[in-house]
Amino acid sequence: MQQNSLTVDGARFWSTIDASAELGKGPRGGLRRLALDESDGEMRRLFIRWCEEAGAKVSVDRLGNIFARREGAEDLPPVLIGSHLDTQASGGRFDGIVGVLAGLEVLRSLEDRGIETRRPIEVVDWTNEEGARFQPPMLCSAVFAGKVSEDWALARTDDAGVTLAEALAGVGFAGSAPVGGREIDSYFELHIEQGPALAAEGLPVGLVVGSYASMGMRIEITGDTGHAGPTPMAERKDAIFGASLIAVGVNEMGRRFAPEGKATAPRIEAWPNKPGIISERATLYVDFRHPEPEATQAMAREVEVLVAEAASKAQVEVEIAERWEFGGVDFSAELLTLLREQAGELGIGTLDLLSQAGHDAYNMALIAPTALVFTPCDGGLSHNERENTRLEDQLPGINLLLNAVVGRANR
């Protein structure tokens with residue numbers, strides 16, 4: 001490590017991880033902190049307190065995205081560091097949380113040393129990255145990047161019919177700042193890998209050069225209720241059966257496109273969903289992705305064929321009610337060069353790889369030079385309460401983030 005390199009306070013960083021892990025505890029030691037629920041509100045308030053104690057000025061926009069700004073010597077577009085503090089319904093302690101709290105540790109480390117950067121540095125917690133409560137995922141960074149409208153996002157509903165606007169008001173995070181519409185110098189995101197490549201190669205840091213092209217769909221199936229006993233099989237209009245045909249077909253499609261391609265049907269809902277009766281309605285969510293955008297589009301066409309076949313076989317009506325896409329982006333060559341140079345000076349080994357999961361960095365790459373940095377997690381396991389990593393796994397990536405962000409902010 002070079003003599004003048006900056007390092008974070010690892011023990012302090014890990015204390016914030018431990019404090020976060022107490023808010024929204026899952027039954028098996030992980031986290032259940034859905035966007036804008038009570039525990040997410042608690043975590044947000046704690047994060048704001050930490051940021052203000054580090055000398056940052058905090059603002060909240062109309063979608064609840066939190067920005068903690070450390071001013072620079074000049075009034076220039078800021079360097080952003082971001083990720084998310086919400087989790088899946090059965091999520092781990094680290095996921096996007098490491099990235100937000102690493103950003104906080106960058107601010108604290110600069111404050112400790114009295115270092116003034118030329119450009120401002122802002123740390124952002126994006127609302128509803130996971131999409132576990134409001135679909136689609138990465139919803140509010142998508143608005144910030146101009147990908148979807150603010151009104152559309154505010155009208156999204158959760159399973160109980162609560163809109164995003166109502167949830168924001170309920171937890172006290174319906175902010176007043178405008179969403180996006182301002183110049184950003186660059187964006188950095190640090191995240192656990194959610195894959196096994198770093199561990200397999202024995203390297204501490206992944207530099208993400210690009211991302212899988214991913215697509216999701218909400219499919220609505222409409223049939224008719226009937227008695228599960230006397231209704232003749234030939235006359236049944238079974239929505240669950242139609243949805244199941246598509247779900248099985250999507251899984252088989254994923255196996256055909258493997259190992260690079262992935263496909264799953266992560267959720268199915270039905271009504272009345274009771275014993276003894278044929279379901280009239282079903283909603284199916286499907287998710288598929290591939291490193292080649294053309295392959296992802298080919299998978300989409302296969303789903304459309306599955307929809308038509310299921311409608312015919314189950315004698316139901318099937319509609320692809322919503323589609324969303326993310327990924328398929330290349331990350332900034334300029335920032336990758338900066339990260340490689342800094343890693344070399346710090347003596348940190350790196351691995352170039354693709355991101356298979358979704359990240360807010362995908363949306364930010366549409367409007368500013370963007371870099372995504374991965375750190376190891378045990379076995380690549382994520383979106384699971386057993387998700388695990390250690391301080392020593394995270395420190396190389398966080399120290400690289402600190403030095404690269406300072407380098408960029410002083411350009």
Side-chain angles (χ1 to χ4, degrees), residues 8 10 12-21 23 31 33 35 40 43-44 46-48 50-51 54 56 65-68 70 78-88 91-109 121-131 137-138 140-141 144 184 186-195 198 204-208 211 331 335 339 353 355-365 368 370-377 382-383 387-391 393-405 408:
V8 300
R12 181 174 58 190
F13 164 74
W14 205 249
S15 73
T16 65
I17 293 291
D18 286 340
S20 165
L23 302 178
L31 285 172
R33 196 159 68 209
D40 187 39
M43 184 64 228
R44 286 163 164 263
L46 179 59
F47 172 63
I48 288 173
W50 284 336
C51 290
N65 298 316
I66 302 171
F67 295 84
R70 188 174 194 271
V79 176
L80 264 60
I81 308 168
S83 196
H84 61 98
L85 294 170
D86 66 316
T87 77
Q88 285 287 334
R93 302 170 61 220
F94 305 100
D95 204 316
I97 297 160
V98 164
V100 176
L101 299 183
L104 168 64
E105 187 56 36
V106 168
L107 298 188
R108 285 172 161 177
S109 297
I121 298 172
E122 295 184 22
V123 178
V124 55
D125 167 35
W126 299 109
T127 300
N128 193 67
E129 189 274 351
E130 290 289 8
M138 293 90 73
C140 296
S141 63
F144 187 92
I184 303 299
S186 52
Y187 176 81
F188 290 79
E189 183 168 329
L190 183 141
H191 205 283
I192 60 169
E193 182 193 354
Q194 300 177 290
L198 289 174
V205 171
L207 300 181
V208 184
S211 63
F331 291 108
L335 295 189
L339 286 162
L353 39 67
S355 171
Q356 300 185 45
H359 299 284
D360 293 302
Y362 294 178
N363 291 325
M364 294 302 292
T370 293
L372 181 58
V373 176
F374 280 168
T375 52
C377 64
S382 70
H383 286 192
E387 174 186 282
N388 191 48
T389 188
R390 286 155 294 277
L391 174 59
D393 298 323
Q394 301 306 310
L395 280 178
I398 299 173
N399 285 328
L400 174 59
L401 176 72
L402 169 61
N403 286 274
V405 165
R408 180 72 183 190

Exercise. Please check if the side chain of Arg408 supplies one atom and the backbone of Leu335 the other of a donor-acceptor pair under 3.5 Å.
Key: no
Self-check item: All side-chain hydrogen bond (donor to acceptor under 3.5 Å, both in side chains) counterparts of Thr87, not counting sequence neighbours
Solution: none
Practice problem: Identify the two heavy atoms, one from Gly92 and one from Ile97, that lie closest to each other, and give their separation to 0.1 Å. | Solution: O-CD1, 4.3 Å
Quiz item: Taking atom types as modelled and ignoring hydrogens, do the side chains of Thr389 and Gln394 form a donor-acceptor contact shorter than 3.5 angstrom?
Solution: yes
Quiz item: Considering residues at least two apart in sequence or located in another chain, which fulfil the ring pair (Phe, Tyr, Trp, His ring centres under 6.0 Å) criterion with Phe47?
Solution: none
Quiz item: Within the side chain of Tyr187, is there an N or O that forms a donor-acceptor pair under 3.5 Å with the backbone of Ala368?
Solution: no
Practice problem: For Phe67, check ring pair (Phe, Tyr, Trp, His ring centres under 6.0 Å) against everything at least two apart and list the hits. | Solution: Trp126, Phe144
Quiz prompt | Results of ring pair (Phe, Tyr, Trp, His ring centres under 6.0 Å) for Phe188 - residues two or more places apart only | solution = none
Exercise. Could you tell me which residues satisfy ring pair (Phe, Tyr, Trp, His ring centres under 6.0 Å) with His191, sequence neighbours excluded, listed by chain and number?
Key: His84, His359
Exercise. Spell out, as yes or no, whether a donor-acceptor pair under 3.5 Å connects the side chain of Arg12 to the backbone of Glu105.
Key: no
Quiz item: Could you state the interatomic distance from CD1 (Ile398) to CG (Asp393), rounded to the nearest 0.5 Å?
Solution: 10.5 Å
Quiz item: Is a donor on one side and an acceptor on the other found under 3.5 Å between the side chain of Asn399 and the backbone of Val8?
Solution: yes
Quiz item: Got Val106 and Val123 here, is their nearest side-chain heavy-atom distance under 4.5 Å?
Solution: no
Self-check item: Worked verdict on Trp50 versus Arg108 for side chain to side chain contact (heavy atoms under 4.5 Å, CB included)
Solution: CA-CA 9 Å; Trp50 284 336; Arg108 285 172 161 177; 3.4 Å; yes
Quiz item: If you measure from NE2 on His383 to CD on Glu130, what distance do you get to the nearest 0.5 Å?
Solution: 4.0 Å
Practice problem: Please confirm whether the backbone N or O of Phe94 pairs with a side-chain atom of Glu387, one donor and one acceptor, at under 3.5 Å? | Solution: yes
Quiz item: Say you draw a straight line from CG of Leu80 to CG of Asp360; how long is it, rounded to the nearest 0.5 Å?
Solution: 11.0 Å
Quiz item: Looking only at heavy atoms, what is the nearest atom pair of Ile121 and Val405, with distance?
Solution: CD1-CG1, 3.7 Å
Exercise. For Arg44, check side-chain hydrogen bond (donor to acceptor under 3.5 Å, both in side chains) against everything at least two apart and list the hits.
Key: Asp40, Thr127
Quiz item: CG of Leu402 to OG of Ser109: how many Å apart, nearest 0.5 Å?
Solution: 5.5 Å
Quiz item: Is the backbone of Leu198 close enough, under 3.5 Å, to the side chain of Glu193 for a donor and an acceptor to pair up by distance?
Solution: yes
